[in-house]
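Data block below; observations after.
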Amino acid sequence: MNIILSNSSGIPIFEQIEKAIKEAIFSNELREEDMLPSVRSLANELKISFLTVKRAYDGLEQAGFIKTIQGKGSFVAPKNLDLIKEEKLKEIQGYIEKIYDISKISNISEEEIKELFKMIFEEEI
Amino acid sequence: MDNNIELQNVSKKYKDFELENISFNVPKGCIVGLIGENGAGKTTTIKSILNITRAEGTVKIFGKDSKENEKEIKEEIGVVLDDSFLSEYLTAKQVSSIMKDFYKNWDENKYINLLKEFNLPKDKLIKDFSSGMKMKLKIATAISHNPKLLILDEPTSGLDPVVRNEILDIFRKYIEEDETRSILLSTHITTDLEHISDYIVFIEKGKIVFNLPTDELLENYGIIKCSKDDFTKLDEKDYIAYKKGKYQYEVLTSDKNVIRNKYNITIIDKPSIEDIMLFYIKGEK
């Protein structure tokens with residue numbers, strides 16, 4: 001698993017860790033029941049505070065991607081396809097919002113955007 | 001008990017300096033950095049914890065009163081102070097035979113292995129060691145009785161970046177070996193803390209200015225760079241301190257998201273711990 005952190009990206013470090021672990025889960029690099037590194041060992045490895053890693057793990061646990069068993073460690077939770085879909089939809093929504101912003105500024109109509117979408121989807125086939 | 005050290009209202013009055021109501025905790029499994037200018041009270045705080053300086057207030061170590069249980073507690077602590085060490089006319093090997101008498105739990109094998117790991121010669125006189133080697137020897141000596149708590153005063157000052165990094169790795173390993181351990185270290189090299197500490201306690205003129213998780217300082221704090229006009233629009237409660245320049249204002253905020261949402265300000269830089277410290281000490285309020 002790769003966890004590549006940037007100090008200058010403006011994205012909080014704990015979010016970058018969450019994202020890297022989610023990506024590893026999506027790509028099946030981390031599978032159900034796989035054990036994650038302990039909070040302290042990951043913190044030491046990434047040379048960051050233990051609390052930052054804990055925050056990332058807490059976030060992943062709340063979102064249902066991992067589960068933590070007291071005294072044993074954190075494990076990848078059974079894959080929830082709905083969860084993954086929801087996550088990806090959120091990502092797509094972000095892009096669409098950007099498209100919306102650009103189209104508003106440059107006076108491009110909804111129809112024209114829809115036409116573009118159609119073209120791209122049809123190209124696929 | 002979740003804290004290895006608890007300080008409550010620790011105060012000490014000297015003729016020209018006063019430590020005032022210092023209270024903070026060192027939680028289990030955490031590395032806490034004590035920062036401040038020279039003479040701010042870092043060493044006095046550490047010496048009060050160790051009962052070398054008799055101070056008012058209570059210090060609990062491992063949940064026990066540090067004055068009443070001093071002997072028992074000291075068996076479980078490793079200490080590195082600036083001015084403490086055995087004779088320079090000893091070899092690293094001879095140090096071990098002396099320490100054996102000090103600590104019930106002295107682990108000679110561990111010590112010899114640490115010397116090897118840190119590349120320290122066993123039979124050379126300490127006086128011929130470089131300052132980096134001396135510090136590594138002090139740390140090896142401090143952790144070879146497997147203490148639950150490590151307290152260090154300025155362990156990285158005066159050392160080059162490579163040795164400093166080696167020392168930080170030693171601390172990381174020490175904590176990872178047993179996650180109920182803690183480290184309290186004082187330093188004025190704040191960049192070291194960005195990569196190792198979980199909490200930072202900032203002392204200035206004998207008082208605590210803040211005690212915060214390192215990631216909160218690095219993620220939530222921001223330095224706004226703006227024009228005088230933009231500065232005058234800022235609500236006083238939204239910033240901590242500012243520096244007035246000829247061409248720009250620099251303003252420290254503890255929550256850059258508030259600034260982003262509330263004002264039309266585009267440049268908010270990520271501060272270093274040193275930047276934050278300088279704003280508190282030198283900035284206008």
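Bear in mind that the values here come from a model prediction, so they are computed numbers and not experimental data. Order of the sequence lines sets the chain letters (A, B, ...), proteins ahead of strands, with each chain counted from 1.
Chain A forms more heavy-atom pairs under 4.5 Å with one residue of Lys173(B), Lys256(B), Lys270(B), Glu194(B) than with any other, namely Lys270(B). Note: Ile175(B) leads Ile175(B), Thr214(B), Ile268(B) in heavy-atom pairs under 4.5 Å with chain A.
Proximity to chain A (any heavy atom under 4.5 Å) is shown, for Glu176(B), by both the backbone and the side chain. Only the backbone of Ile48(A) has a heavy atom closer than 4.5 Å to any heavy atom of chain B. With a threshold of 4.5 angstrom between heavy atoms, Phe171(B) does not approach chain A through any atom at all. Both the backbone and the side chain of Ile13(A) come within contact range of chain B, judged by heavy atoms closer than 4.5 Å. Interface remark: Ile31(B) contributes backbone and side-chain atoms alike to the contact with chain A (heavy atom separation under 4.5 Å). In this structure, no portion of Glu216(B) lies under 4.5 Å from any heavy atom of chain A.
In the displayed structure, Lys110(B) atom NZ is contacted under 6.0 Å by more than 12 heavy atoms of other residues, nucleotides or ligands. Annotation: Glu117(B), atom CD; neighbour count of heavy atoms from other residues, nucleotides and ligands within 6.0 Å is above 12. Within a 6.0 Å sphere centred on CD of Glu32(A), other residues, nucleotides and ligands contribute more than 12 heavy atoms. When the shell of 6.0 Å around CZ of Phe26(A) is examined, it contains more than 12 heavy atoms from other residues, nucleotides or ligands. Within a 6.0 Å radius of NZ in Lys262(B), more than 12 heavy atoms belonging to other residues, nucleotides or ligands are found. Within 6.0 Å of the CD atom in Glu87(A), the count of heavy atoms belonging to other residues, nucleotides or ligands exceeds 12. Shown here is Asn264(B), whose CG atom has no more than 12 heavy atoms of other residues, nucleotides or ligands within 6.0 Å.
Closest of all the heavy-atom pairs between Ser49(A) and Ser197(B) is CB-O, 3.5 Å.
Taking 4.0 Å as the cut-off between side-chain N and carboxylate O, Asp198(B) and Arg40(A) count as a salt-bridged pair.
A side chain to side chain contact (heavy atoms under 4.5 Å, CB included) with Lys47(A) is found for exactly one of Ile196(B), Leu168(B), Asp169(B), namely Asp169(B).
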